[in-house]
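As the structure is a computational prediction, the values presented were derived from the model and not from experiment. Values below: every heavy atom of this structure, side chains too, minus hydrogens, waters and symmetry copies. In what follows, every chain begins at residue 1, and chains take the letters A, B, ... in the order their sequences are listed.
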Number of protein chains: 2
Amino acid sequence: MKATVPISSAGLKTACSQCNLQELCLPFGLSENDIDRLDELVGTRRKIKRQQHLYRAGDLFEAIYAIRAGSFKTDVLLEDGREQVTGFQMTGEIIGLDGISTEFHTCNSIALEDSEVCVIPYAKLEELSRKVEGLQHQFHKVMSREIVRDHGVMMLLGSMRAEERLAAFLLNMSQRFTARGFSSAEFHLRMTREEIGSYLGLKLETVSRAFSRFQDEGLIAVQQKHIRILDGAGLKRLLQHQPAGG
Amino acid sequence: MKATVPISSAGLKTACSQCNLQELCLPFGLSENDIDRLDELVGTRRKIKRQQHLYRAGDLFEAIYAIRAGSFKTDVLLEDGREQVTGFQMTGEIIGLDGISTEFHTCNSIALEDSEVCVIPYAKLEELSRKVEGLQHQFHKVMSREIVRDHGVMMLLGSMRAEERLAAFLLNMSQRFTARGFSSAEFHLRMTREEIGSYLGLKLETVSRAFSRFQDEGLIAVQQKHIRILDGAGLKRLLQHQPAGG
DNA sequence: CGCCCTGTTGACCCATGTCAAAGGCTGTGG
DNA sequence: CCACAGCCTTTGACATGGGTCAACAGGGCG
């Protein structure tokens with residue numbers, strides 16, 4: 001039952017103007033006119049199978065990517081094998097920005113499920129954003145938003161205790177699913193407990209125990225990767241007034 | 001003994017083309033010609049006294065700043081009073097990038113000593129970087145470098161133990177002092193143990209103890225904020241092969 | 001000169017890591 | 001369609017790194 005017509009993984013033409021992810025992606029806030037010009041820019045799509053790398057630390061940087069379907073994690077590896085997951089990305093989000101700095105990627109990007117990205121050649125993006133003010137501004141916002149997000153993660157890792165971190169994580173996921181038109185109360189996590197733990201600076205057992213405790217307290221219902229939020233306000237309450245940890 | 005001629009804190013004209021921090025700052029890599037055009041852009045300088053804010057979370061974002069003299073910390077505050085220091089900045093570094101995302105700053109920037117910054121009005125920067133390709137590229141690199149740096153901090157906070165964090169911090173400071181023409185082996189920290197601790201996700205007592213242990217082991221000599229690195233290789237060794245912590 | 005802020009050190013404790021075992025899901029091959 | 005293998009998750013028992021609390025010391029500024 002394989003596809004009888006082999007489809008080149010890099011052969012599909014993309015069109016931002018046709019895409020229903022506009023609101024979440026690089027075109028956000030641009031005029032129709034400007035979005036049409038973006039179409040020139042975004043070259044091809046690329047399919048990435050679950051567990052495969054979109055790029056690796058050390059790869060030459062040539063393009064940034066907009067996630068068209070699926071989801072990814074980015075991570076950094078230390079020589080001794082320790083892994084730090086630096087983020088989870090969903091549809092409409094832009095990845096690869098780390099590569100601009102040195103012309104080489106500094107982290108790995110791995111698909112959490114079969115996924116598809118729009119390839120945005122970076123040289124072309126710079127060129128076009130010199131002509132299209134709205135694009136320039138939106139691109140800067142995307143980068144700045146990444147910086148702000150990173151600061152939030154630092155806050156999480158540097159100042160919050162295990163349960164606060166997980167609560168913040170769940171609320172963040174919920175909000176992002178909502179923005180994509182999915183239920184805010186019920187969703188399917190694509191990553192393992194170990195990956196969540198790495199992101200949150202915790203061991204997988206600690207993550208698992210925190211899930212169990214949340215469930216015992218009636219805040220959520222967990223079944224493997226399937227999460228149902230029963231008491232979002234309760235989760236939010238966890239984020240405040242906690243005695244400072246770690 | 002006050003200055004007899006009152007100097008407006010915002011009245012001094014800046015010139016990148018004259019500045020000896022070029023190599024570390026926004027002009028890096030630009031042609032002489034392009035740097036001359038930067039001079040139009042960079043409006044004024046502003047002096048900030050020790051402990052004063054350059055901007056606060058919630059302030060309207062209008063400009064980014066290049067540090068001309070002195071040093072700063074940036075931090076994020078939680079409602080319950082917890083503070084996370086997100087970075088320490090030295091001469092030539094650019095601060096304020098967090099504000100692009102929402103038009104409002106999301107963190108506080110506080111001078112660690114009497115300092116001076118060059119004010120770079122953001123609207124003008126976007127305008128000029130549409131005309132000057134090199135400036136555009138350099139600005140993007142600055143933002144990307146901040147993202148990469150943040151990932152490094154996440155690694156630190158998420159995967160390293162207390163002594164590794166401090167060793168990484170000291171090596172990083174050493175390297176940045178070197179880049180500024182100061183000794184790599186001997187320097188003066190501008191921040192308190194508490195601020196270092198907040199940055200590294202540790203309590204001040206833990207930072208103090210780690211300093212003492214490093215001293216006992218002959219890796220460094222500490223006297224208050226004055227640090228002398230005696231065995232840089234030893235510090236580097238601490239960063240590897242450590243059993244994964246926290 | 002004295003106060004206050006910063007830093008150091010000790011004793012104790014707790015949150016989270018470590019190690020271990022077992023159960024459930026999923027995918028694959030027979 | 002079933003059985004098996006491997007991964008993921010959960011849970012328990014125990015260990016420990018770093019937090020907490022407290023006392024004190026040094027240095028700089030008023």
Side-chain angles (χ1 to χ4, degrees), chain A residues 1 49-51 73 81-85 112-114 156-167 169 188-217 220-227 238 242-246, chain B residues 1 49-51 73 81-85 112-114 156-167 169 188-217 220-227 238 242-246:
Chain A
M1 292 315 150
K49 284 221 166 297
R50 187 173 127 84
Q51 301 285 34
K73 70 170 177 181
R82 279 180 281 181
E83 176 196 33
Q84 176 69 32
V85 170
L112 293 174
E113 59 194 304
D114 293 357
L156 204 140
L157 291 170
S159 308
M160 291 166 61
R161 1 189 57 213
E163 295 195 0
E164 293 179 272
R165 296 184 201 186
L166 189 65
F169 170 75
H188 191 84
L189 297 175
R190 288 349 255 238
M191 67 293 287
T192 66
R193 299 287 188 265
E194 184 167 19
E195 286 164 334
I196 297 172
S198 171
Y199 180 61
L200 299 178
L202 303 169
K203 291 296 169 188
L204 67 93
E205 294 93 330
T206 305
V207 173
S208 179
R209 277 188 248 270
F211 270 125
S212 299
R213 208 159 328 134
F214 285 175
Q215 179 154 250
D216 293 347
E217 287 162 11
I220 63 175
V222 194
Q223 194 172 16
Q224 304 286 119
K225 296 189 157 72
H226 192 88
I227 307 288
L238 273 182
Q242 278 307 102
Chain B
M1 297 312 151
K49 282 221 167 300
R50 188 174 126 85
Q51 301 284 36
K73 70 169 178 181
R82 278 180 280 181
E83 175 196 36
Q84 176 69 32
V85 171
L112 294 174
E113 58 193 306
D114 293 358
L156 204 140
L157 291 170
S159 308
M160 290 167 62
R161 0 189 59 214
E163 295 196 358
E164 295 180 271
R165 296 184 201 187
L166 190 65
F169 170 75
H188 191 84
L189 297 175
R190 288 350 254 238
M191 66 294 287
T192 66
R193 299 287 189 263
E194 184 166 20
E195 287 164 334
I196 296 172
S198 171
Y199 179 61
L200 299 178
L202 302 169
K203 292 295 169 187
L204 67 93
E205 294 93 331
T206 305
V207 173
S208 179
R209 276 188 250 270
F211 269 125
S212 299
R213 209 159 327 136
F214 285 176
Q215 179 154 251
D216 292 348
E217 287 163 9
I220 62 175
V222 194
Q223 193 172 18
Q224 303 286 119
K225 295 190 159 72
H226 192 88
I227 306 288
L238 273 182
Q242 277 307 102

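C:dT8 atom C1' lies 14 Å from atom CD1 of B:I227, rounded to whole Å. A:R50 places its CZ atom 8 Å from the P atom of C:dG27, with the value rounded to the nearest Å. Atom C1' of nucleotide C:dG10 and atom CZ of B:R213 are separated by 13 Å, given to the nearest angstrom. Look at CD on A:Q223: it is 10 Å from P on D:dT10, rounded to the nearest Å. One can place CG of A:L166 at 17 Å from P of C:dA15, the figure rounded to the nearest angstrom. Per the geometry, CZ belonging to A:R193 stands 7 Å off C1' belonging to D:dT9, to the nearest Å. Whole-Å rounding puts the B:L204 CG to D:dC24 P distance at 18 Å. Distance CZ (B:F211) to C1' (D:dG26): 17 Å, rounded to an integer number of Å.
Picking from D:dC21, C:dG7, D:dT11 the nucleotide with the shortest atom distance to the side chain of B:E205 gives D:dC21. Taking only side-chain atoms of B:A162, from C-beta outward, the nucleotide of D:dG18, C:dG17, D:dT9 with the closest atom is D:dG18. In the set C:dT6, C:dT9, D:dT10, the nucleotide with an atom closest to the side chain of B:S212 is C:dT9. Of the candidate nucleotides C:dT6, D:dT10, D:dT20, C:dT6 has the atom lying nearest to any side-chain atom of B:K225. Among the nucleotides C:dG17, C:dA11, D:dA22, the one closest to any side-chain atom of B:R209 is C:dA11. Closest contact between the side chain of A:R161 and the listed nucleotides C:dG7, C:dT16, D:dG19 involves C:dT16.
Under the 3.5 Å distance criterion, the side-chain polar atoms of A:Q84 are matched with a main-chain donor or acceptor of A:S198. Under a 3.5 Å cut-off, the side chain of A:R193 and the backbone N or O of A:L204 do not form any donor-acceptor pair. Looking at A:S159, its side chain never comes within 3.5 Å of a backbone N or O of B:R82 through a donor-acceptor pair.
Among the protein residues, A:T192 comes within range of the sugar-phosphate backbone only, with heavy atoms under 4.0 Å from sugar or phosphate atoms but none that close to a base.
In this structure, B:T206 does not reach the D:dG18 phosphate: none of its side-chain N or O atoms is under 4.0 Å from OP1 or OP2.
With respect to A:R50 and A:D114, no salt bridge is recorded, no charged nitrogen being found less than 4.0 Å from a carboxylate O.
Just one of B:L166, B:T206, B:D216 meets the side chain to side chain contact (heavy atoms under 4.5 Å, CB included) condition when paired with B:F211; it is B:L166.
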